[in-house]
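Step one of this worksheet: look at the structure below.
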Amino acid sequence: MSVRRSSVQDLLRSQELEREVVVKGWVRTRRGNKYVQFIAVNDGSTIHNLQVVADAEKFPEETLKDVATGACVSVRGQLVASQGKGQAVEVQAVEIQVLGKADPEQYPLQKKGHSLEFLREIAHLRPRTNTFGAVLRLRHALAFAVHQYFNDHGFYYIHTPIITGSDAEGAGQMFRVTTLPADHPPRTASGDVDYTEDFFGKQTNLTVSGQLEGEIAALALGKVYTFGPTFRAENSNTARHLAEFWMIEPEMAFYDLQDNMELAEDFLKYLVRYALEKCPDDLQFLNDQYDKELLGRLQFVVDNDFQRLTYTEAVEILKTAKKKFEFPVDWGTDLQSEHERYLVEKHFKKPVILTDYPKDIKAFYMKLNDDNRTVRAMDVLFPGIGEIIGGSQREEDLEKLRTRMQQMNVPEEELWWYLDLRRFGSAPHAGFGLGFERLVLFVTGMGNIRDVIPFPRFPKNAEF
RNA sequence: GCUUCCUUAGCUCAGCCGGUUAGAGCAUCUGACUGUUAAUCAGAGGGUCCCUGGUUCGAGCCCAGGAGGGAGCGCCA
């Protein structure tokens, strides 16, 4: 009768000692002498390792030699109270099987720390490090919490298309999707590429946002959200941008800007609280290893109200600030990251929600205020991250929307269906977009967004 | 796309003013040690100094071009 495999997490928590167990995982380190060997095994279920103790005389030298850092092993033994300090329980090995060897001369990971830049080059192995194990478990917990929150609050999960036929959304450069041959595409009489010959019979792209389709669903189901991959072909080289990222976009009928802000704040606090409750060990590790203020900062976000003010008020604060800015502040221009950082990190020292931006620096679909100069936009700004959420109340008036589209050169023909939403049973509604990786960045305290997604996509890089 | 810094052992880095045989810590290997905790101690092996060209009696070091990476900015989530 074979014993079933236990996870390292379950064994470390177990109170039932003196029983036979089987554990399988990857060797982090092995040390000891010719009489006793200590093997640290990790299986990804927790950041902590299980200590396996092996009496060296009981195992062939060949087997122990293969139990090197990086190797995959299966261990059968007795779960016992540890004689040493540093762990409550350990496994006294009876049988050790090496499932997969790892040549120590060639295995790139060591028990000592590696730079995040180096680990980025071996993205196929970095999940086996403490850091990326912690980040990936947190990423999972946060993704799960997104669905949990929305489900508990009466939202429906909508799957918006990855391939879109419109490039009018104005959220940035798009990746083209085509099956036409790149070297000799069919041409029209006038010499242009003939997209009627393409797979979909028209130009298509990868989505930059599910919002417009989200609005369709919101004006039928009430409260909806999307959570899917999003693609931007911008040549962005920063620690906050990816070419492929995951975005969460709730869209709610009968919500105004105020309701939108309430939701954004409550949602973010829920997610951070969830991580604090479900992943204390991983957060403690990241706090100790990378950012001593991480846990304090997360708790602070949960405990305090976000500062809400209008763009106009923010401009006044920045104009009277003693700090010298590289870029001048002027009503009507978009705030630079140095301005946003000043408001969040220096002036208020807490998350900030900025609202009512000048209409000329925001998208066509945002609802115009009565002053005719500002729109009901909101940006949620976080310390170290900058803009984590961008959203707005949407323009529900057909004529006002058409006017804005004309002013901003958005073709009505392509978005006829979007205008139809205002033509038939229009309703006040609002929504926002939350960059999932920016959330993970904030919660983990990592410095670069390329380290919070398993396989980052950015200019000149699509390895793995 | 712009600005700026970097590239030397498997990893992290030092390398003086351009001068003989390029160093350290960790990792790896060998040995010692009967309970280790990033174990410790002793020893050994390990180099296309990113690439190409140039200057020079002589280049890891200076110059030009290229490649790769980081940080900041812009675009945004």
Side-chain angles (χ1 to χ4, degrees), chain A residues 28-40 48-57 65 68-70 80 82-87 90 92 102-122 129-130 169-173 208-211 227 229-249 264 289 325-327 334-341 361-363 379-382 385-391 432-442 447-453 458-461 463:
Chain A
R28 288 297 174 77
T29 75
R30 176 169 64 90
R31 54 180 170 264
N33 51 48
K34 77 173 87 147
Y35 304 100
V36 61
Q37 294 274 313
F38 302 95
I39 306 157
H48 300 297
N49 300 328
L50 180 71
Q51 174 156 286
V52 172
V53 184
D55 288 334
E57 299 141 306
K65 201 173 167 61
T69 300
V80 297
S82 179
Q83 295 175 37
K85 299 184 180 77
Q87 59 281 317
E90 64 193 19
Q92 189 71 46
D103 181 356
E105 297 272 11
Q106 290 181 58
Y107 187 63
L109 292 175
Q110 308 161 6
K111 52 187 143 189
K112 236 189 126 157
H114 291 287
S115 69
L116 294 170
E117 291 81 7
F118 172 68
L119 292 175
R120 234 170 266 158
E121 293 170 12
I122 49 167
T129 63
N130 286 334
E169 292 164 27
Q173 288 291 109
V208 292
S209 165
Q211 180 200 317
F227 185 179
T230 310
F231 307 88
R232 305 270 167 96
E234 240 95 52
N235 190 14
S236 295
N237 287 289
T238 80
R240 303 181 306 282
H241 289 86
L242 290 166
E244 176 183 292
F245 62 100
W246 288 67
M247 188 154 62
I248 298 143
E249 295 178 287
Q289 215 65 33
F325 294 112
E326 190 185 343
F327 296 92
D334 211 352
L335 299 180
Q336 305 285 320
S337 19
E338 59 171 338
H339 304 139
E340 295 179 347
R341 207 174 308 130
I361 59 172
K362 288 292 181 185
D379 282 1
V380 181
L381 309 178
F382 262 34
I385 308 293
E387 185 180 346
I388 195 167
I389 278 180
F432 60 80
L434 167 66
F436 184 58
E437 282 75 19
R438 289 194 180 171
L439 172 74
V440 182
L441 198 55
F442 178 75
N448 194 314
I449 201 162
R450 296 168 185 179
D451 296 330
V452 299
I453 187 167
F458 52 94
K460 300 277 182 290
N461 195 299
E463 193 67 49

For [N], take OP1 and OP2 only and decide whether either is under 4.0 Å from a side-chain N or O of [X].
| X | N | answer |
| --- | --- | --- |
| Lys460(A) | G1(B) | no |
| Arg31(A) | G35(B) | no |
| Ser337(A) | G74(B) | yes |

Inter-nucleotide [atom1] distance ([N], [M]), Å rounded:
| N | M | atom1 | answer |
| --- | --- | --- | --- |
| C63(B) | A59(B) | C1' | 11 Å |
| C41(B) | G23(B) | P | 23 Å |
| C33(B) | G47(B) | C1' | 34 Å |
| C13(B) | U56(B) | P | 35 Å |

State the pairing partner of [N]; accept Watson-Crick or G-U wobble contacts with both distances under 3.5 Å, and report none otherwise.
| N | value |
| --- | --- |
| C16(B) | none |
| C50(B) | G66(B) |
| U34(B) | none |
| G43(B) | C29(B) |
| U3(B) | A71(B) |

- Message: Using heavy-atom distances to pick each residue's nearest nucleotide on RNA chain B, tell me which of Ala68(A) and His241(A) is more 5'.
- Response: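 The residue closer to the strand's 5' end, by nearest nucleotide, is Ala68(A).
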- Message: By a 5.5 angstrom centroid cut-off and a 30 degree plane limit, is there stacking between Phe38(A) and G35(B)?
- Response: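 Phe38(A) vs G35(B): stacking no.
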- Query: Between Val208(A) and Gln173(A), what is the shortest heavy-atom contact and its length?
  - Reply: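 For Val208(A) versus Gln173(A), the nearest heavy atoms are CG1-O, 4.1 Å.
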